[in-house]
Amino acid sequence: MNTLFIGQHIIELSETDSTNTYAIHLLKEKAVAEGTLIFTQNQKAGRGQMGHTWQAERGKNLTFSLVLSPLFLPIEKQFYISKIASLAVFETLTHFLPASRYDIKIKWPNDLLANQQKICGILIENICREQFLQSAVVGVGINVNQIHFHELPKPTTSLALLAQKEFDVRQVLSVFCKQFEAWYLLLKQNRLEHINRSYTSCLYLLHEMAPYQSKEGVFEAQIQAVEESGQLILRTAQNEIKNFSFKELQFMRSL
Amino acid sequence: MKLNEIQDLIKFVAKSGVSEVELETKEVKIVIKTPAGKKPEAPVFVQAAPAPQAIAAVPQQLVAPAPTAAPAASSAPAATPTSDDSKLITIKSPMIGTFYRSPGPDKALFVNVGDEVTPEKTVCIIEAMKLFNEIESGVKGKIVKVLVNDATPVEYDQPLFLVEPH
């Protein structure tokens, strides 16, 4: 691993329910070096947000969790972890799928799309002690060599499906670690403006008129940017600026 | 409005027994609330108007030294004593988000009333913009009350649990 600390210590498991769950348990037991990576080729019960699952065919995909100690980051700025994780996956994907031929986007808040199909999910779990982010566990699932996807609610793809060839899962991991480390160091240096600009420029449907649904109904709007808190800023067709939290808004443009 | 004038106002409200006073001038807006049915306690919410800079430092000074309650000034906001006449400690939300009592819909609760907790014990998850935050108790003691329903929104600093410390 060509990095300073991200992925320098790897715990490889032959199988596990969820690398995030494993990482959280480990953190509750003992000190874990920053940058430690929990990696498995066989995640049996991958988790998405609250009760959702993440399915991966054995040995085909990249599923891992990265342990961080972002004590420098105020709790109210924790969405930056989501931003840099999305950016690191974005750059990993464009490394293997050249931007000239593939349309790679970040769907707010932290899904990755390739040619309008989901290719990666990110699940971030933090441990808050007193008023600090004691630890952050960044769980990433990238579809690499899986070709068949059954009974998934949304169109799903993989690197192999798009590029019509197989990839080395460990090489994908190594590119991710290098990219993530670069973004994490920028965050530590408080280069927030650079992170914000980069993240916004990668957003799916940025500045495009598209339908959204909030509790007030369906409306047309354009994505303008994302707040420090992570809220999405929309400009409606009536030229109003509105902010939404993740749970308050649904994308109605179907993938 | 001067700092001592604000302090006098808080003292006056605390003695008067009213539950809420709202005062708005050109430079500052102050809301003083006292818990209903309890001895008046502390200003809960002080907000400076956007314009004046001289006032900006005032709210922070005001929140800590309250007329009747005197929490240790440097203790973490996550766990501060509720008042002098109660030994209970309140675990508060460190952020805006959605409060969850278990790690998933069909999973066991992190804590129940009557449970003993250590400072490192996770008591709940607060989800904020798809980031899931395990909140540690921060105190050693017994959970005596859960103040928020599962899967409901919480504000910054909102009380979540009452703990009887050991």
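Sequence lines set the chain letters: A, B, ... in the order given, protein chains first and strands last, and positions in each chain run from 1.
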Taking atom CZ as the centre, does A:Phe132 end up with more than 12 heavy-atom neighbours from other residues, nucleotides or ligands that are less than 6.0 angstrom away? no
Exceeds 12 heavy-atom contacts within 6.0 angstrom, atom NE2 of A:His25: no
Whether A:Lys28 side chain and B:Glu120 backbone form a donor-acceptor pair below 3.5 Å: yes
Just wondering, do B:Glu127 and A:Lys247 contact through their side chains at under 4.5 Å, heavy atoms? yes
Minimum heavy-atom separation for A:Gln131 to B:Pro94, with atom names? NE2-CB, 3.7 Å
Spacing of OG1 belonging to B:Thr98 relative to CZ belonging to A:Phe246, to within rounding of 0.5 Å: 10.0 Å
When rounded to the nearest 0.5 angstrom, what is the spacing between CD in B:Glu134 and CD1 in A:Ile24? 4.5 Å
A:Ile75 versus chain B, heavy atoms under 4.5 Å apart: side chain, backbone, both or neither? side chain
Counting only heavy atoms from other residues, nucleotides and ligands, does the tally under 6.0 Å from NZ of A:Lys188 exceed 12? yes
Relative to chain B, which segment of A:Gln134 carries a heavy atom at a distance below 4.5 Å: side chain, backbone, both, or neither? neither
Considering only heavy atoms from C-beta outward, does the side chain of A:Ser245 approach that of B:Met129 to under 4.5 Å? yes
Can you see whether B:Asn133 engages A:Gln78 through a side-chain donor-acceptor pair at a distance of less than 3.5 angstrom? yes
Within a radius of less than 6.0 Å around NZ of A:Lys242, do more than 12 heavy atoms belonging to other residues, nucleotides or ligands occur? yes
If we only count heavy atoms from C-beta on, is the A:Cys128 to B:Met95 side-chain gap below 4.5 Å? yes
Among A:Leu123, A:Val137, A:Ile124, the one residue meeting side-chain contact (heavy atoms from CB on, under 4.5 Å) with B:Phe132: A:Leu123
Could you tell me which portion of A:Leu232 (side chain, backbone, both or neither) has an atom closer than 4.5 angstrom to a non-hydrogen atom of chain B? neither
